[in-house]
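We name chains A, B, ... by the order of the sequence lines, and we start the count at 1 in each one.
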Amino acid sequence: METIAASYYDGKNAKRHPVHLVFGQNGVYIHGHGIDCIELYNDTQVVEKVLGAPRTLNFSSGARCEILHPDVDMQLEQVGFKSHWIESLYNRKRWMVGACLTCVLVLILGHQVLLPMLGRFVAKTLPSSLVDRAGIDALALLDEHMFKPSTLPLVTQNRLRKKLISLQRESFNPSVQLQFRSSQIGPNAFALPNDTIVMTDELYDLLDDEEAVMGALAHELGHVQEHHLLRKSVQTGLTGVVTAFLFGDTSFILVGLSFSLLDMSYNRDFEREADLFAIELFTRNKLPLQKLVTVHEKLERLNHGADRPGYLSSHPSAQERIETIRQAQTKQSVEEPLL
Amino acid sequence: MQVTENANTKDAPSQFFFHGTGKQFFSIWIVNIALIILTLGIYTAWAKVRTSRFFYQNLELEGSRFEYHATPLSLLRGYLIVAIFVFVYSVLSMAAPVLSGVSTLAFVLTMPWAAAKALQFKLANSSYRGVHFSFNGSIARSYFVIFGPLLGLVALFSVVYLFTNRFLNANNLLFFTLIATSMTLIGVFMVSGYFLHAQRLYVTNNSKFGNAKFSCHFSLKTYSMIVLKVVLLFVLSVSVILLTFAMNLQEWYLKNAHTGASGFANLNTQAFAAAIFVYLSIVAVAVYGWTTVTNAVWNHTLLADAHLFHCEMSAVRTVWIVLSNLALNLLTLGLFIPFGKVRLLKYRVSCTKISIYESLENIYAEKPHRLVNATAEGAADYAGIGFAI
């Protein structure tokens, strides 16, 4: 075997000795620059190859060698130092491409399929009473800062409450409460973690039609019955962990951006699910689906021109949602031609 | 303290080199991520060691490379402990919020200990030419330099708050807002200047290479001047942006006040743009600050009171590298990250030199006299705590 140039360090001081190595049967001969010794292979640890760096040999005597020679890998293998199979994962191009594809696939699969599955699982197994406190506290906070008592007559409120109960029919959920408030935030309705649905007087006034109001409430009921808040926290929380892990030590803006986009896509999915729930509920109760369209049309008119492109928005576009209802209406008229 | 040139100093300072390429690091990075995902996170310790080895062994000085000795299993212990803690904390925060607050507090209280131990572990596992580095800063001092600024800032904000509560009213709003803001800024400047300087000195003056001590002769005065410049630059850039935004805001208000909600969309875009500009200026000013401080610190750092370091990074160039890295990271959905890291490191190393007095041969290895705690390194690394070097 040919001699190989290397740098030798005795481990006692920071002096570099340029030496020559010859790999023998049982050990390596080191000579040059005042050094003349043999280190047995039994006393030698070959450090894993690092891309771009010299090969390093650590000896149990505390000394070490750095070898930049291109043939060193081959010679080491010839005398019996085999490289770990994991090295080829890092050094062969095919595995790098494979790793790329794996990451992309797993991340997409995780986002589209696995996380939603986990969300549904948690919603099924976790008792909802765990998050009730959050709902009560949230409403108290809103009442303190943004809400005033409703100006709707109690008669109207109770009528709407009764209608909501009858809407649910057999799948009646006794923990659902309907609360009314007046607020500067404008027309709005939303669901809280403790299954309370809150509606503003401004929404009632805007819609001006109690069947349309029931449409909005049916949508919110969808959020409650499908446990969207809980599923959303699981999915969004884990999305946050993954984006923080991938981009965290590089830049916050990457984390923030990717997290927001992914979170908004989940939000849109939940909104679509709630829309479908409302359609189904109205169909079962034989209520006109056109009223659901009215809700979206009136709200759209209020926010006209404010829609951002699909992927930058937390809700599906009004057109898409109205289109979904129209398709249901078409299906309905096909199935019940006599109506 | 000045190191005077004499006949025994080498002709020119020795240059540090970084030999690794972005392409090489990319394959390490992407295979690491794939394996971490496939092993549900357990591979992280091995990935961390491999990455550290890549960066250490590609760093060269005077024909020799650096080396990293930590083993994955020792890091893994620390990671597991933190993972368990995070899990327990999540469960607690849902069921018993009070307990989770207590555990957070306990965790925070261990941070300075963990950071010091992690540094000790890291340096003990770093070597050059077979001689190991070491760190033996006292834990007490670690608490002082880390909690000192936090307590200082809390005290500052309490004082400002009490002050504004007592004196602020509708009549003197503008005047006292200015006073309060100035008080805050000056206070932040003083507190952060003092403690950041103390942290740097704590890290450097307690580190050794073999039997050779590192020492930092970087005065508080110089440091404070840099911090002052950074704070002023930051205030200036943010004010410019907000003023521009405020002018647009006024324009928008006059045009859109009557249409109500529909105007909000335009406002959102404006606010979004303003936020982007504020973020970019924060990054630029922070990088400027980091470059200037790093240069100054290393230019005043000595090894064995004889070998002098040099660092001359250009703030402009570094800001450009950081911002273009960011843009490329966004455009490539993150795939450029490893390339960007190597790019920045290569630049920094290319600006770093050391004037060696005679030679480094006189430095000899020392036996480590304290047990190094790998658990702390793992835990601190996982939780993102650490002293900047």
Side-chain angles (χ1 to χ4, degrees), chain A residues 7-16 18 47-48 50-54 56 58 62-64 66 86 89-93 95-103 106-107 110 126 130-131 133-134 186-187 237 242 245-254 257-258 302-308, chain B residues 19-21 24-28 30-38 41 46 50 53-54 56-58 62-65 67 90 94-95 97 128-131 209-210 212 260-266 268-269 279 283 325-326 329-330 333-335 337 340-341 359-365 384:
Chain A
S7 299
Y8 176 85
Y9 312 100
D10 62 10
K12 300 199 187 73
N13 60 41
K15 186 176 162 88
R16 182 169 86 91
V47 176
E48 273 174 14
V50 169
L51 290 170
T56 314
N58 283 329
R64 48 189 289 273
E66 277 174 13
I86 243 181
L89 282 182
Y90 286 96
N91 297 328
R92 306 276 294 279
K93 189 163 187 185
W95 296 121
M96 175 182 60
V97 174
C100 250
L101 290 172
T102 311
C103 286
V106 168
L107 288 174
L126 217 63
L130 258 165
V131 289
R133 184 81 238 165
V242 172
F245 168 75
L246 283 176
F247 304 132
D249 55 351
T250 314
S251 101
F252 294 138
I253 208 180
L254 266 182
L257 216 65
S258 52
L302 200 64
N303 295 325
H304 73 92
D307 266 346
R308 287 172 278 175
Chain B
H19 293 280
T21 66
Q24 288 166 343
F25 185 44
F26 178 77
S27 44
I28 294 179
I30 194 74
V31 173
N32 276 348
I33 291 188
L35 288 173
I36 289 176
I37 291 178
L38 291 175
W46 282 262
R50 185 168 294 269
R53 285 221 178 110
F54 172 77
Y56 271 66
Q57 284 183 239
N58 276 308
E62 290 287 303
S64 305
R65 306 292 180 101
E67 206 178 345
S90 318
M94 277 223 286
Y128 173 71
R129 290 186 173 175
V131 175
F209 171 57
S262 65
F264 270 111
N266 296 332
N268 277 344
T269 324
Y279 173 79
V283 171
N325 275 356
L326 187 62
N329 287 343
L330 284 171
L333 300 178
L335 287 174
I337 289 178
K341 281 199 170 148
S359 83
L360 295 171
E361 294 172 12
N362 311 318
I363 299 172
Y364 55 85

Distance col, row B:Asn32:CG vs A:Tyr90:OH, nearest 0.5 angstrom, shows 3.5 Å

Applying a strict 4.5 Å limit to non-hydrogen atoms, the region of A:Val47 in contact with chain B is side chain

Okay, A:Thr56 and chain B: the region with an atom under 4.5 Å from a heavy atom over there is side chain

Checked A:Pro54, A:Gly186, A:Gly11, A:Gly110 vs chain B; the most non-hydrogen pairs under 4.5 Å come from A:Pro54

Heavy-atom closest pair (B:Arg65 atom, A:Ala53 atom, distance to 0.1 Å) is NH1-CA, 3.7 Å

dist B:Arg50:CZ -> A:Glu48:CD (nearest 0.5 Å) comes out at 4.5 Å

Turns out that what part of A:Phe245 lies under 4.5 Å from chain B's heavy atoms comes down to side chain

Applying a strict 4.5 Å limit to non-hydrogen atoms, the region of B:Phe54 in contact with chain A is both

Bottom line for A:Leu101: the part with an atom under 4.5 Å from chain B's heavy atoms is neither

Here the gap from B:Ile363 atom CD1 to A:Lys15 atom NZ, rounded to the nearest 0.5 Å, amounts to 13.5 Å

- Task: Would you mind reporting whether A:Ile86 and B:Trp46 have side-chain heavy atoms less than 4.5 Å apart?
- Result: no

Counting heavy-atom pairs under 4.5 angstrom with chain A, the leader among B:Tyr364, B:Tyr56, B:Tyr128 is B:Tyr364

Most heavy-atom pairs under 4.5 Å with chain A, out of B:Ile37, B:Leu326, B:Ile337, B:Ile33, belong to B:Ile337

Quick check against the 3.5 Å criterion: does A:Asn58 have a side-chain atom that pairs as donor or acceptor with the backbone of B:Gly130? no

Scored by heavy-atom pairs under 4.5 Å with chain B, the best of A:Tyr9, A:Trp95, A:Tyr8 is A:Tyr9

Nearest heavy-atom contact between B:Gly63 and A:Ser7 is O-OG, 4.4 Å

Taken to the nearest 0.5 Å, the spacing of A:Cys103 SG from B:Leu38 CG works out to 8.0 Å

CG of B:Leu330 to CZ of A:Phe247, rounded to nearest 0.5 Å, is 9.0 Å

Heavy-atom closest pair (B:Val31 atom, A:Ala99 atom, distance to 0.1 Å) is CA-CB, 3.7 Å

Closest non-hydrogen contact found for A:Arg16 with B:Glu62 is NE-O, 3.7 Å

CG (A:Asn91) and CD1 (B:Ile28) are apart, to the nearest 0.5 Å, by 8.5 Å

When the 4.5 angstrom heavy-atom criterion is applied to B:Phe209 and chain A, the contacting part is side chain

**Message:** Counting only heavy atoms not in B:Tyr279 (residues, nucleotides, ligands), do more than 12 fall under 6.0 Å from its OH?
**Reply:** yes

Looking only at A:Asp10, A:Leu257, A:Leu254, A:Val242, the option with the highest number of non-hydrogen pairs under 4.5 Å against chain B is A:Leu254

- Task: Side-chain contact test, heavy atoms from C-beta onward, threshold under 4.5 Å: evaluate it for B:Ile30 versus A:Met96 and give yes or no.
- Result: yes

Honestly, the part of B:Val131 sitting under 4.5 Å from a heavy atom of chain A is side chain

query = Quick check: does any side chain N or O of B:Gln57 sit under 3.5 Å from a backbone N or O of A:Val50, one acting as donor and the other as acceptor?
reply = no

